[in-house]
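Taking it in order: structure first as structure tokens, then the write-up.
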Amino acid sequence: QVQLVDSGGGLVQAGGSLRLSCVASGGSFDNFAMGWFRQAPGKEREFVAAISSNGDNTRLGNPVKGRFTISRGNAKATVYLQMNSLKPDDTAVYYCAGQQNPRTPFNTDYYPDEYHYWGRGTQVTVSS
């Protein structure tokens, strides 16, 4: 059974940084495209970032472009989300997501329904 364990959230002041991690187990990580989504209270789940299974392609949501970076370490079956210049609007629960056997090794989908597995989420709170 595939499991994703996301971590690294916390409380940070505006302008600060956090790095989220997501460790995958139970499957061949090389065959997973990975993504990060977030959900704030009263709002729909929002795409944040995605990285292809081969690591060559990344995609960022418009609100985080220029501030966030997604990367992966296949040897450790881990995907990272480096978040810099954090803003209060970034406050949300962040979820790691895995898409098993994507159509191509370059896929970076941004629809939640395209992902098969989800972490439990990690809270990020940015104070002003």
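Since we're looking at a predicted model, the values are computed, not measured.
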Inset, instruction - Could you tell me whether a side-chain N or O of Thr91 sits under 3.5 Å from a main-chain N or O of Asp89, the two making a donor and an acceptor? - result: no

Legend entry - Euclidean distance, Asn74 CG relative to Met34 CE, rounded to 0.5 Å: 10.0 Å

Inset, instruction - Grab the two heavy atoms, one from Ala49 and one from Leu60, that are nearest each other, plus how far apart they are. - result: CB-CD2, 3.5 Å

Inset, instruction - Scan side-chain atoms only and decide if Asp30 and Ser28 contain a donor-acceptor pair under the 3.5 Å cut-off. - result: no

Legend entry - Straight-line distance of Ser52 OG to Asn107 CG, nearest 0.5 Å: 8.5 Å

Inset, instruction - Could you tell me whether Tyr110 atom OH has more than 12 heavy atoms of other residues or ligands within 6.0 Å of it? - result: no

Legend entry - Aromatic contact, Phe37 with Trp118 (centres under 6.0 Å): yes

Inset, instruction - With rounding to the nearest 0.5 Å, note down the distance linking CZ in Phe29 to CG in Leu4. - result: 8.5 Å

Legend entry - Tyr95 six-ring face occupied by Arg38 cation (under 6.0 Å, within 45°): no

Legend entry - Ion pair check, Asp109 and Arg59, cut-off under 4.0 Å: no

Legend entry - Intermediate values then yes/no, side-chain contact (heavy atoms from CB on, under 4.5 Å), Trp36 and Phe68: CA-CA 11 Å; Trp36 287 96; Phe68 291 12; over 6 Å; no

Legend entry - Closest heavy-atom pair and its distance - Ser53, Arg72: CA-NH1, 3.3 Å

Inset, instruction - Drop me the distance from Ile51's CD1 to Tyr80's OH, to the nearest 0.5 angstrom. - result: 11.5 Å

Inset, instruction - State yes or no: do Val79 and Val2 share one hydrophobic cluster built from I, L, V, M, F, W and Y residues joined by side-chain heavy-atom distances below 4.5 Å, directly or via other members? - result: yes

Legend entry - Joint cluster assignment, Val93 & Phe47, ILVMFWY side-chain distance < 4.5 Å: yes

Legend entry - Euclidean distance, Asn54 CG relative to Thr104 OG1, rounded to 0.5 Å: 7.5 Å

Legend entry - Intermediate values then yes/no, side chain to side chain donor-acceptor pair (under 3.5 Å), Thr122 and Asp6: CA-CA 6 Å; Thr122 184; Asp6 35 32; 6.0 Å; no

Legend entry - Note, Ser128 side chain near Lys87 side chain (heavy atom, < 4.5 Å): no

Inset, instruction - Using the rule that two of Ile, Leu, Val, Met, Phe, Trp, Tyr join whenever any of their side-chain heavy atoms come within less than 4.5 Å, decide whether Val12 and Met83 are in one cluster. - result: yes

Inset, instruction - Please round to the nearest 0.5 Å and tell me the distance separating atom CG of Asp90 and atom CG of Leu18. - result: 10.0 Å

Inset, instruction - Could you tell me which non-hydrogen atom of Val48 sits nearest to which non-hydrogen atom of Val64, and how far apart they are? - result: O-CG2, 3.5 Å

Inset, instruction - Check whether any side-chain heavy atom of Glu114 sits under 4.5 Å from a side-chain heavy atom of Arg103, and report yes or no. - result: yes

Inset, instruction - For Ala14 and Pro88, work out which heavy atoms get closest and say how close. - result: CB-CD, 4.1 Å

Inset, instruction - Check His116 against Gln100 and note the closest heavy-atom contact, atom names and distance. - result: ND1-N, 2.9 Å

Legend entry - Where Arg67 and Leu86 come nearest, the two heavy atoms and their spacing: NH1-CA, 3.9 Å

Inset, instruction - Verify the distance criterion only: is there a donor paired with an acceptor across the side chains of Ser17 and Asn84 at less than 3.5 Å? - result: yes

Inset, instruction - Take Arg19 and Leu81, measure what side-chain contact (heavy atoms from CB on, under 4.5 Å) needs, and give me the verdict at the end. - result: CA-CA 6 Å; Arg19 187 175 83 154; Leu81 184 69; over 6 Å; no

